[in-house]
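Shown next, in structure tokens, is the structure this report addresses.
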Amino acid sequence: MSVLQGCAGEEEPAPGDRTAPNIVLIVTDDQGWGDLSVHGNTNVHTPNIDALASRGASFSNFYVSPVCSPTRAELLTGRYHPRGGVYGTSAGGERLDLDETTIAEVFSRAGYATGVFGKWHNGMQYPYHPNGRGFDEFYGFASGHWGDYFSPSLLEHNGELVQGDGYLPDDVTGKALEFIEDHGGSGDPFLLYLPYNTPHSPMQVPDRWWEALEGRELAMRHRDPGKEDPAFTRAALAMVENIDWNVGRIMDKLRELELGEQTIVAYMSDNGPNSWRWNGGMRGRKGSTDEGGVRSPLFIRWPQLIEPGTEIPEIAAAIDLLPTLSDLAGVKLQTRKPVDGISLVPLLSGGKQNWDERLIFSHWNGRTSVRSPAYRLDHQGRLYDITEDRGQHREVSSRHPQVTETLRDTLQGWERAVIPEERGETKRPFLVGDPDFKYTQLPARDGRPHGNIERSNRFPNASFFTNWTSTADSISWDVEVREPGTYRVKLYYTCPPKDLGTVVQLSFGSAAVTDTIRQAHNPPLRGMEDDRVERIESYVKDFKPLEMGTISLPGGRAPLVLRALEIPGSAAMDFRTLMLTRID
């Protein structure tokens, strides 16, 4: 049993205490700091998001990680993402270590109903799955990105695969509204985590939003306009305006249920913009540890404490969300490991006279930068005075050698303390057969192709396997079966009529199940018809389920292997995912 870390604070509310505030945490995907009209961008109109700032607090120096899954891990745990084993954005590197405590676990212990609707991106197989991390309800997808935003297939509801209903951001918002309605009138407060999938590519957005941006003049451009793709910018901003409309739906529902006064609403993005577009003249974009890659909006609205129009210049970060929200709610912060973040309540309540200076670190892909209240030391050891030069145009290392040396030493010490010497690629198998959860999904994203088999795209998320032409080819997953059991096996495939008759086998050690593909299903690739600009990720198909039968899996770790024993045609199939459902 792990020892939980305690944090002093108000008395924890008892379950059913309606004085405890609700929490709504909204996170967007690949939206830059500059993609809001409240930050001066005249290319976009975001009145509902802007209102969160004007009616609450706005942080002008709030920082996240350079990419998606690390930021999510940090806001969930209050800890820098390398501590939690997050080193990638796909193929298992996005998984948050199981000995980390999440915000949902903290609030669930205090009697909160918990739900997440949208993009999870911190692990798919239970207990990495959101239902294994303290969330009662999950609707959305656990992968790093999705290939289709219009009524997509293979979404999840509490582990079961389901069909989406309409444009994905609208759909997850609709499910979030149902969650608010279900719990708004009950005796328990709720924690609602709403991580949108937009404006991440593919750049798909309904006509209503696209047509509003398609002909709009882009008066504000990237600082190097030659790098900017105006069509991509318009698509991204159209997606942001759709997000703004959905934020309005959330706020309207809170007002309708008379929950506005007792609900804390926080809004942020997960990293810098996913293209070269106006971003306040900052250097860098998504993936960069410079200001443009890690500066994010943060707005927090709670009328009971926060004065409208509060502006907070002090530096803060995603690691501060958990300690801040637990402090605001009076929920005891109990975690298995010490948090790196701090409560921002003194800033939100106006009591910042005793606020201590601090440092915030940004790390990704072997690069680390550090931000002090005045300076940023970039990953190459160059110093910039951010108070005078937000765009990082002028290095000032020679003017401030002592500051530079101190920050360099501190950065190196942080890397030694926080970043593991060996990453976790080979240490963590994909988990199957947890006794507390019925479903295990094993997608192509997490598999390894052997022989001629190829991915549909170099980006694993939402990809499928194709070019399966030989019985010597196979797909494998490094899995650990946590508890022996019997599972119903469902395989999602496509196969043209000329290739029918493939005999496919799934095996784990001596256990195996075999079936034959007898029904043709050969849909075309799609997605391009809905893309506003050409995508870099895989196009998608509608995959057909094949009920293969049952397999009894013993406990332990070994490869789970999918083979074709007979291929009477030119290819076996295209493969998307396996679903294992425990039946005993």
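FYI, the numbering just counts along the sequence from 1.
Proximity of Tyr193 to Val27: side-chain heavy atoms (C-beta onward) are separated by under 4.5 Å at one or more points. Asn41 places none of its side-chain heavy atoms less than 4.5 Å from the side chain of Leu36. Proximity of Arg371 to Ile386: side-chain heavy atoms (C-beta onward) are separated by under 4.5 Å at one or more points. You'll find the side chain of Leu298 stays beyond 4.5 Å of the side chain of Tyr267, heavy atoms only. By the 4.5 Å heavy-atom criterion applied to side chains, Val370 and Thr410 are not counted as neighbours. At least one side-chain heavy atom of Arg283 sits under 4.5 Å from a side-chain heavy atom of Arg223. In this structure, Phe59 and Ile300 have side chains that are in contact, with non-hydrogen atoms separated by less than 4.5 Å.
Here His45 pairs with nothing under the ring-ring contact (aromatic ring centres under 6.0 Å, His included) rule; sequence neighbours left out.
Shown here is Arg399, whose CZ atom has no more than 12 heavy atoms of other residues, nucleotides or ligands within 6.0 Å. Around atom CD of Glu258, no more than 12 heavy atoms belonging to other residues, nucleotides or ligands sit under 6.0 Å away. The 12-atom threshold is not exceeded at CD of Glu307, counting heavy atoms of other residues, nucleotides or ligands nearer than 6.0 Å. Within 6.0 Å of CZ in Arg367 there are 12 or fewer heavy atoms belonging to other residues, nucleotides or ligands. Other residues, nucleotides and ligands contribute over 12 non-hydrogen atoms within 6.0 Å of the CZ atom of Arg285.
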- Message: One pair to check against side chain to side chain donor-acceptor pair (under 3.5 Å): His129 and Glu156. What are the steps and the verdict?
- Response: CA-CA 11 Å; His129 189 275; Glu156 289 188 54; 2.8 Å; yes

- Task: Could you go through the side chain to side chain donor-acceptor pair (under 3.5 Å) check for Ser397 and Arg382 one step at a time?
- Result: CA-CA 6 Å; Ser397 303; Arg382 300 173 297 187; over 6 Å; no

- Show your working on side chain to side chain donor-acceptor pair (under 3.5 Å) between Asp50 and Ser37 and close with a plain yes or no. CA-CA 7 Å; Asp50 296 356; Ser37 48; 2.5 Å; yes

- Derivation of the side chain to side chain donor-acceptor pair (under 3.5 Å) call for Gln125 and Asp446: CA-CA 10 Å; Gln125 295 82 19; Asp446 295 337; 3.0 Å; yes

- Intermediate values then yes/no, salt bridge (Lys or Arg N to Asp or Glu O under 4.0 Å), Arg390 and Asp385: CA-CA 7 Å; Arg390 178 77 74 174; Asp385 185 343; over 6 Å; no

- Derivation of the side-chain contact (heavy atoms from CB on, under 4.5 Å) call for Ile319 and Val339: CA-CA 8 Å; Ile319 55 175; Val339 298; over 6 Å; no

- Query: Is there a side-chain contact (heavy atoms from CB on, under 4.5 Å) between Leu25 and Leu75 once you walk through the steps?
  - Reply: CA-CA 10 Å; Leu25 174 57; Leu75 67 89; 3.8 Å; yes

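A cation-pi arrangement is not found for Arg133 relative to Phe138, the charged atom failing to lie both closer than 6.0 Å to the ring centre and inside a 45° cone about the ring normal. In this structure, Arg295 is positioned above the aromatic face of Trp33, its NZ or CZ under 6.0 Å from the six-membered ring centre and within 45° of the axis.
The CG atom of Leu76 sits 7.5 Å away from the CD1 atom of Ile103 when rounded to the nearest 0.5 Å. Annotation: the span from Met203 atom CE to Asp229 atom CG amounts to 9.5 Å, rounded to 0.5 Å. Rounding to the nearest 0.5 Å places CE of Met268 at 12.0 Å from CZ of Phe299. Here CG of Asn461 is found 9.0 Å from SG of Cys68. Values are rounded to the nearest 0.5 Å.
For the pair Asp340 (side chain) and Tyr80 (backbone), a donor-acceptor distance under 3.5 Å is present. With hydrogens and angles ignored, the 3.5 Å screen pairs a side-chain donor or acceptor of Thr324 with a backbone N or O of Leu344. A donor-acceptor pair under 3.5 Å is absent between the side-chain atoms of Thr335 and the main chain of Thr101, judged by distance alone. Using a distance-only test at 3.5 Å, with no hydrogens or angles considered, a donor-acceptor pair links the side chain of His121 to the main chain of Thr89.
Under 3.5 Å, the side chains of Thr71 and Asp270 contain no donor-acceptor pair of N or O atoms. Counting only N and O atoms by type, the side chains of Ser201 and Glu537 include a donor and acceptor under 3.5 Å apart. Side-chain atoms of Ser369 and Asp378 form no donor-acceptor pair, as typed in the model, at a separation below 3.5 Å. Side-chain N/O atoms of Arg249 and Thr173 include no donor and acceptor closer than 3.5 Å. Looking only at atom types and distance, the side chain of Asp29 has no donor-acceptor partner in the side chain of Asn197 under 3.5 Å away. With no hydrogens or angles considered, a side-chain donor-acceptor pair links Glu74 and Ser65 at under 3.5 Å.
Here the two rings, on Trp276 and Phe232, have centers that are 6.0 Å apart or farther.
For the pair Asp290 and Arg376, the salt-bridge criterion is not met [side-chain N within less than 4.0 Å of a carboxylate O]. A salt bridge does not link Arg277 to Glu228: none of the charged nitrogens lies less than 4.0 Å from a carboxylate oxygen. The residues Asp252 and Arg255 are annotated as salt-bridged, a charged nitrogen and a carboxylate oxygen being separated by less than 4.0 angstrom. Using a 4.0 Å cut-off between a side-chain N of Lys or Arg and a carboxylate O of Asp or Glu, Arg394 and Glu388 do not qualify as a salt bridge. A salt bridge links Arg445 with Glu94: at least one charged nitrogen is closer than 4.0 Å to a carboxylate oxygen. Salt bridge Lys286/Asp30: present, at least one basic N to carboxylate O contact under 4.0 Å.
Annotation for Tyr112 and Asp136: closest pair O-OD2, 4.2 Å, computed over non-hydrogen atoms. Closest approach of Ala104 to Thr114, counting heavy atoms only: O-CG2, 3.9 Å. Of all heavy-atom pairs spanning Phe117 and Val172, the tightest one is CB-O, 3.8 Å. Between Asn22 and Thr263, the shortest heavy-atom distance links the atoms ND2-OG1, 3.2 Å. Of all non-hydrogen atoms in Glu100 and Arg83, the two that sit nearest each other are OE2-O, 3.5 Å. The two residues Glu261 and Trp302 have their closest heavy-atom pair at O-NE1, 3.3 Å.
Sorted pairs that involve residues 189-199 and meet salt bridge (charged side-chain N to carboxylate O under 4.0 Å, His left out), not counting sequence neighbours, are lacking altogether. Each ring pair (Phe, Tyr, Trp, His ring centres under 6.0 Å) pair with one or both residues in residues 363-396, not counting sequence neighbours, appears once here: Tyr375-His400.
Under the side chain to side chain donor-acceptor pair (under 3.5 Å) rule, Asp97 has a single partner from Arg428, Lys337, Arg79, which is Arg428.
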